[in-house]
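A quick write-up on the structure given underneath.
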2 protein chains.
Amino acid sequence: MAPTVEGGDAALLPEFPRGPLDAYRARASFSWKELALFTEGEDMLRFKKTIFSALENDPLFARSPGADLSLDRYRELNFLRCKRIFEYDFLSVEDMFKSPLKVPALIQCLGMYDSSLAAKYLLHTLVFGSAVYSSGSERHLTYIQKIFSMEIFGCFALTELSHGSNTKAIRTTAHYDPATKEFIIHSPDFEAAKFWVGNMGKTATHAVVFAKLHVPGDQCHGLHPFIVQIRDPKTLLPMPGVMVGDMGKKLGQNGLDNGFAMFHKVRVPRQSLLNRMGDVTPEGTYVSPFKDVRQRFGVSLGGLSSGRVSILSLAVVNLKLAIAIALRFSATRRQFGPTQEEEIAVLEYPMQQCRLLPYLAAAYALDHFSKSLFLDLVELQRGRASGDCSARQAELGREIHALASAGKPLASWTAQQGIQECREACGGHGYLAMNRLGVLRDDNDPNCTYEGDNNVLLQQTSNYLLGLLAHRVQDGACFRSPLKSVDFLDAYPSILDQKFEVSSVADCLDSAVALAAYKWLVCYLLRETYQKLNQEKRSGSSDFEARNNCQVSHGRPLALAFLELTVVQRFHEHVHQPCVPPSLRAVLGRLSALYALWSLSRHAALLYRAERRRSCPGRRDRSS
Amino acid sequence: MAPTVEGGDAALLPEFPRGPLDAYRARASFSWKELALFTEGEDMLRFKKTIFSALENDPLFARSPGADLSLDRYRELNFLRCKRIFEYDFLSVEDMFKSPLKVPALIQCLGMYDSSLAAKYLLHTLVFGSAVYSSGSERHLTYIQKIFSMEIFGCFALTELSHGSNTKAIRTTAHYDPATKEFIIHSPDFEAAKFWVGNMGKTATHAVVFAKLHVPGDQCHGLHPFIVQIRDPKTLLPMPGVMVGDMGKKLGQNGLDNGFAMFHKVRVPRQSLLNRMGDVTPEGTYVSPFKDVRQRFGVSLGGLSSGRVSILSLAVVNLKLAIAIALRFSATRRQFGPTQEEEIAVLEYPMQQCRLLPYLAAAYALDHFSKSLFLDLVELQRGRASGDCSARQAELGREIHALASAGKPLASWTAQQGIQECREACGGHGYLAMNRLGVLRDDNDPNCTYEGDNNVLLQQTSNYLLGLLAHRVQDGACFRSPLKSVDFLDAYPSILDQKFEVSSVADCLDSAVALAAYKWLVCYLLRETYQKLNQEKRSGSSDFEARNNCQVSHGRPLALAFLELTVVQRFHEHVHQPCVPPSLRAVLGRLSALYALWSLSRHAALLYRAERRRSCPGRRDRSS
């Protein structure tokens, strides 16, 4: 039965214009409209259509693909477009609460148009705005209104020239002066300059600045966020004492003005401190609801998890765009053939299929993961907003942190590699700027390193799993987590005894087979990593050294395999729900199996090695 | 003993300026000057220094890294710089013959400065110029002089919009008209437009145009090269009947003007035919020293091998630049440490070492391979020039074709992946345009697809090896090739019986160990591919289908493993020569072992699987 959409689906999902892809489209074993409805839902399709139609009809968003825009002009255009998005007011606050997935959907639509626009909008609202909202108090609500009217324009200034990942080493200071009831924001030297801050280069009027808070007596209370005006909103000239500028050209996202700033004894009112986690009385006494400095720090950086989830979803957008471009090109480009006269579409070559189709499957699997993780995050944030201090809430925070810390690396790397494959698979045509694969690659690239370098982040996930295993070994605790992503580990001893017993290739085309292998693999890697870590410590390594020495060979593959398993698991469950339309089951099942088997195949050497060890338990590989 | 250089090495290899790298440099176990002398030789170091000094002192070559140049300005600058390189006349024709390695060295120096400049110079001289010289005859020598004085500026127009790899499907025509003694060059439709032609966009006045030659009676004699004037050298306006233009912005190499052209019945004199492989008499009779159309075609495209060798060497330049930038940054960037107070250089982390050091080793191994293959090519070209028609000369051509067809993919992909790793390993700083990693990546990118798409080219190499095995199986021929790269295969049955018997990790740190494993692997892959191909054919596949069905799983890894083996073999021999200074043996041996083991490790799954099959010969993996 064909799907129906209220009010007629012709307007919502019109037919494609006739063209060279018709022949392939006619051969499809399923209805693309039905798939779109199942994947997105009608409400979301309408929401996205509203956005795309608005942009399509607005001359400010017209562009020539591959145009040679100057940096300044591109940044100016991007700012004007960002402002226009606020004017369109696509998403009301009520809508956000009713359909939280519309928040990432809006960002994704902007990202489909231009990553720089998505980043600029996201940084102002969800990063700067959320920081003010979640770290501030009632006295800061006045800013929120100005954020949405774009009377002020914001940025989030944490990273410094010499310190990004190691936030504890950040050195901007904020000394409180009780005489004037002001904080003095200061950059002790150029290495402490705020650096890479998106929106800061040309356009931000205000910054959330992280600085070490000192009260009289020179006692330091660690990093705290302050809202600091850095430019005059009318002239955009820097405020006195603020040296602020643009970082210059980047590999991509050049519509976004990343900037630096140094503060020379800049005085801001006491109320500039975003005081949810700690405040200073007019007299200069530090007060905080949190007793522990580390806990305070954790709370103030809690927003970073949502940053990672946003990046994950933007990486998926880039992958989707690239794979659509490459597959469509491959279906129309003909080269060679069985005879000299007859040429076939390059998509018919097994090589081209092996290069591209796994990334199509990855786009579906990661898209679903990205949405489901966002909904988990919403649950976490609602708990926080309602003051939930339960153990479950804390566990949920840790689990989401672990999933986001490996999810961002997996999605950004998959997109990076996928776009590169797409670009090469389109040959010379893929190298032409107007075909967009270059822009997608360049704009996706920072997803691999910002908001936490991928390799550094993966340690968070492996540490999470190792911590759970230590807890189990030492205290007999169960593997249990609110989202159940680690629950299977409870049975790790029996899982490790399982053997692969599938007897035909056809049987492998069910993602349940790859899932079982993945579970075995994660159990195996977890045990090996734990043993290796303890062995390192026993041979005299410090904790720091031991972790560093285990990360390449053990921690990194553990974190990635765990996350891949989670993605496979969630997509497998999604496509095997009873509500899946029967006509879509086959194609969705194939996508799920393809992603699972392809991901798993990258661990093939490890699986063989593990099997070998099992068959000769006395014999260790010489390489270990 | 410290190396000495005539005239004092201080001028040739001055000390580095003092800076944050001093501490690491002081810890080096060898003299970098000695290594530079061994790697390059004094004469080459002087030659490169002459070039770099000239560029450094010439304001035309001054630039601001990361500057926001417009397309037009960049192309103009690149053209002026190219012209200036001719004025400097760094390399006389005598020098070229005496020290042929100076030819790629000059291109590499230009590539170190800017890939677009290297490409523009290379396309005019070594591609356009060589094509005129090697495909033309005495009557075309007048062009050669004008090429070196840049009175004319050239391009090489083979690829068309719809056909690149499949050159046989190219459709531009050249009909001979005996009445006027002219050829009529014509593009039948837009899909036959010449496309992607470097230098054609803005600056070329002449093109070597490949077109299907027809003589009266409409007999087609296949693709032939014609020299066609496309622009007026004074005004750069297109010649009548020529529609020529620029392709627009690309992902990189934007200093190079790639162009398209369509010819509307453009008449050129009979003498425009570059007639070495075939000519037309004034009356319109086709005459050729070659009887076979395929053989003629092969001769006319013989120059492509040299293009691939040039690309290989430019990819190595990009990798060298990137790895130097990333390692220097990693040695100065500090982040985290064993205590909160003490931070360590990121280069100290095993993760950073595992990410970067293999690419350092790859740069050395591939650099050596690139030079040695170039010298092989010189031998081939000298044979051709002296009219050598021996079987050895023909075999040498085939062997070099096979090595270049996999060498270009291996080097361009290694550079692509290496630069990406470098960019990510430098975190945010790596994303800033002025740090050059982005430009290197973007400029290296087309190396993966032009002059033959990497995946398509690899088939040439696997076909070469399969052909030799078929010859052996069917005719009992030996594996023998002029450069001896395939000779080891003669012992394939006994090599396949060998087992890995090395008993300690320390013993593996000799590249001879990896070499032995590589030989086994190539023998194994060759036999498996041959069997798989025959099995495909037996089950009814055509030759075309059978090859396509084997390429992903068999042909591709076979070609890559064979080429890696060749690179490892040549570098291993190079660093184990008796003339290697004793103080360099350790470091060179480590580089050789690191490259060999790292490359081999990417085949780990295959090695495990093969071992498993050997131990259970009755059992085939279910996946095959």
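Throughout, a chain's letter reflects where its sequence line sits, starting with A, and its residues are numbered from 1.
Comparing A:T339, A:L161, A:V456 by heavy-atom pairs within less than 4.5 Å of chain B, the highest count is held by A:L161. Between chain A and the options B:N548, B:N549, B:N254, B:L606, the largest number of non-hydrogen pairs under 4.5 Å is found for B:N548. Note on A:F195, A:F544, A:Y450: by heavy-atom pairs under 4.5 Å with chain B, the leading option is A:F544. When the candidates A:P338, A:C448, A:S70, A:G427 are compared by the number of heavy-atom contacts under 4.5 Å with chain B, A:P338 comes out ahead. Options A:G430, A:P350, A:A425 differ in how many heavy-atom pairs under 4.5 Å they form with chain B, and the most are formed by A:P350. Of the listed residues (A:G438, A:A433, A:S601), the greatest number of heavy-atom pairs within a distance under 4.5 Å of chain B belongs to A:A433. Chain B forms the most heavy-atom pairs under 4.5 Å with one residue out of A:R355, A:E545, A:Q551, and that residue is A:R355. With respect to chain A, the highest number of heavy-atom pairs below 4.5 Å among B:S553, B:A604, B:C426, B:G337 belongs to B:G337.
The side-chain heavy atoms of A:N455 and B:Y349, taken from C-beta on, include no pair separated by under 4.5 Å. Counting heavy atoms from C-beta outward, A:Y431 and B:Q253 have side chains that approach closer than 4.5 Å. At least one side-chain heavy atom of B:R556 sits less than 4.5 Å from a side-chain heavy atom of A:M351. The side-chain heavy atoms of B:R441 and A:D442, taken from C-beta on, include a pair separated by under 4.5 Å.
Only the side chain of A:E343 comes within less than 4.5 Å of a heavy atom in chain B; its backbone stays farther off. When heavy atoms are compared at a cutoff of 4.5 Å, A:H603 does not approach chain B at all. The contact between A:Q416 and chain B is made entirely by side chain atoms (from C-beta outward), counting heavy-atom distances below 4.5 Å. Only the side chain of A:I344 comes within contact range of chain B, with at least one heavy atom under 4.5 Å from a heavy atom of that chain. Heavy atoms of A:D445 lying under 4.5 Å from chain B belong to its backbone as well as its side chain. Residue B:Q417 does not touch chain A at all, counting heavy-atom pairs closer than 4.5 Å. Using a 4.5 Å cut-off between heavy atoms, A:R334 touches chain B through its backbone atoms (N, CA, C, O) alone.
Considering every non-hydrogen atom in both B:C354 and A:V552, the closest pair reads SG-CG1, 3.8 Å. The minimum heavy-atom distance between B:E424 and A:W413, with the atom names listed, is OE1-NE1, 2.8 Å. For A:T449 against B:R423, the heavy-atom pair with the smallest separation is OG1-NH2, 2.9 Å. Considering every non-hydrogen atom in both A:E611 and B:R612, the closest pair reads OE1-NE, 2.9 Å.
For the atom pair CG of A:L251 and CG of B:L437, the computed distance is 7.5 Å after rounding to the nearest 0.5 Å. Summarising the geometry, atom CE belonging to B:M247 is positioned 10.0 Å from atom CE belonging to A:M434; distances are rounded to the nearest 0.5 Å.
Using a cutoff of 4.0 Å between basic side-chain nitrogens and carboxylate oxygens, A:D68 and B:R73 are not scored as salt-bridged.
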